[in-house]
Amino acid sequence: MSASPNPQAGSQPLKQHLIDPEICIRCGTCEETCPIDAITHNDDNYVVDAEICNYCMDCIGPCPTGSIDNWRLVMTAYSLEEQFEWEELPEQEELESGEQGSVSLEALEDEIDALLAKAHEGTGGKAVVPASASKPSVNLFRRDHPAVATVQGNFRLTKDNVENDVRHIILDFGDTVFPVLEGQSIAITPPGSDKDGKPHESRLYSIASPRDGERPNTNNVALTVKREPEGLCSNYICDLKKGDQVQVTGPFGATFLMPGDPLANIIMICTGTGSAPFRAFTERRRRAMPDAPGKMLLFFGARQPDELPYFGPLMKVPEDLLAKHLVYSRLPDQPKEYVQDRMRDCAGEFSELLKDERTHIYICGLKGMETGVDEALADICRSENLDWASLKPTLRTTGRYHVETY
Ligand code: A2P
């Protein structure tokens with residue numbers, strides 16, 4: 001959404017936009033996203049400046065934890081200095097209902113709700129959960145009381161000749177109840193502290209296993225982690241040994257969830273480690289409803305087969321459960337192919353699925369892919385007499401279009 005004047009400027013009371021410090025993992029996405037620099041941070045907290053925030057809602061969708069979606073009705077806005085000090089959000093103050101000066105509290109509530117609803121139509125705003133998804137648990141374990149998981153396995157997924165390895169890590173929760181759904185994430189906090197003596201920030205990872213564990217009825221989760229050069233947390237995780245203990249917060253994510261409807265068609269588009277949630281989706285379908293009539297399609301981009309996480313296991317998944325389009329950008333003597341190129345090649349099948357009200361689209365992986373995939377969808381629609389400009393908002397508002405890029 002484009003920036004517009006603060007709709008509540010100069011009026012009292014105010015519905016103040018706040019970030020929950022207990023849930024925030026300090027990834028900085030909100031500050032990067034805010035088009036008018038209303039979000040800032042100190043060493044402790046990310047905070048919203050009430051004097052600048054114009055309720056454009058661009059920051060709501062990209063926040064991976066939902067900590068950004070907090071609001072308090074206040075007579076005087078909390079200052080940045082107050083917010084920097086918080087370890088938890090203050091309770092809602094008791095305000096009298098009815099007119100306060102020229103503004104009613106109910107009107108303020110309605111105004112913000114309308115802005116949030118409007119934001120659903122753009123790229124920002126709150127994403128909508130698929131109607132048939134199970135109800136997720138979120139934020140059960142926070143920074144001040146993390147769950148402790150034990151490493152059960154750590155396997156290399158990419159061939160030895162590949163520079164930055166991708167690893168499959170299994171974390172077991174023992175007796176701790178840590179319920180997850182396919183599509184959710186957890187955050188891991190590396191041990192130790194930074195140069196200023198502060199604990200390291202947590203990093204978020206999508207869960208690659210289904211809700212009932214890496215094997216049925218196990219209390220564990222799998223992660224797909226790429227070793228990033230100089231990456232503090234990715235190197236910590238990739239070097240973990242069996243038996244090591246890890247601090248985990250979460251689970252996070254209440255919208256990028258799998259539809260439970262067996263008739264739902266699920267189109268999954270990913271690059272690299274963005275495949276993690278789709279491994280979870282595929283395993284869930286295979287275990288819970290192997291004969292589901294809904295189709296599952298995977299468009300998965302990697303540089304070459306040696307760098308495609310889960311290449312071997314994926315080859316064994318039957319095509320009638322999962323139609324696989326594995327595309328490669330760096331095969332010797334072959335033209336570069338991206339996921340969006342293959343989608344265009346499948347325009348006929350794609351457009352049939354787009355016409356079906358039970359079709360859901362999920363995109364996960366490199367941020368750069370988002371625009372390319374969007375353009376491909378617009379082209380596919382154009383060639384088949386569909387209008388992507390009106391279809392996309394419909395998919396979003398009905399919980400059938402989900403993007404998680406980084
Ligand atoms: P490329 O060969 O151009 O880097 P990575 O290995 O870095 O995780 O990337 C996974 C795959 O995503 C690679 O094949 C990479 O191709 C591809 N990729 C890079 N940029 C885009 C983009 N804008 N849209 C789609 N795929 C992309």
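Each ligand, and each atom within it, is numbered from 1 in the order the structure gives.
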**Student:** Mind checking whether Arg330 has a heavy atom under 4.0 Å from ligand 1?
**Tutor:** yes
**Student:** Backbone, side chain, both or neither: what part of Leu366 comes under 4.0 angstrom of ligand 1, heavy atoms only?
**Tutor:** side chain
**Student:** Tell me if the centroids of the rings in His360 and Tyr401 come within less than 6.0 Å of each other.
**Tutor:**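 Distance test on ring centres: not under 6.0 Å, no.
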**Student:** Kindly confirm or rule out an N or O of Arg303 lying under 3.5 angstrom from an N or O of ligand 1.
**Tutor:** yes
**Student:** Below 4.0 Å from ligand 1: does a non-hydrogen atom of Gly301 turn up there or not?
**Tutor:** yes
**Student:** Can Asp261 and Ser132 be counted as having a side-chain donor-acceptor contact under 3.5 angstrom?
**Tutor:** no
**Student:** If we only count N/O pairs under 3.5 Å, is Ala302 in contact with ligand 1?
**Tutor:**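 Checking ligand 1 against Ala302, an N or O pair does fall under 3.5 Å apart.
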**Student:** Check the angle between the aromatic planes of Tyr362 and His402 and answer parallel, tilted or perpendicular using the 30° and 60° thresholds.
**Tutor:** parallel
**Student:** Counting only heavy atoms closer than 4.0 Å, does ligand 1 sit against the backbone of Glu307, its side chain, both, or neither?
**Tutor:**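 Neither part.
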**Student:** Parallel under 30°, tilted from 30 to 60°, perpendicular over 60°: which one fits the rings of Phe281 and Phe256?
**Tutor:**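 Phe281 vs Phe256 ring planes: tilted.
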**Student:** Quick one about Arg167 and Asn154 (side-chain donor to acceptor, distance below 3.5 Å, no hydrogens or angles considered), yes or no?
**Tutor:** yes
**Student:** Shortest non-hydrogen contact from His325 to Cys346?
**Tutor:** CE1-SG, 3.5 Å
**Student:** Do ligand 1 and Tyr338 have nitrogen or oxygen atoms that lie under 3.5 Å from each other?
**Tutor:** yes
**Student:** Would Gly368 count as being in polar contact with ligand 1, using the rule that some N or O on each side must be under 3.5 angstrom apart?
**Tutor:**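 Gly368 vs ligand 1: N/O contact under 3.5 Å present.
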**Student:** Test your reading of the model: is there a side-chain donor-acceptor pair from Lys336 to the backbone of Tyr328, 3.5 Å cut-off?
**Tutor:** no
**Student:** Need the ligand 1 atom indices (1-based, order shown) with element for anything under 4.0 Å from a heavy-atom of Gln340.
**Tutor:**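 Result: 24 (N), 25 (C).
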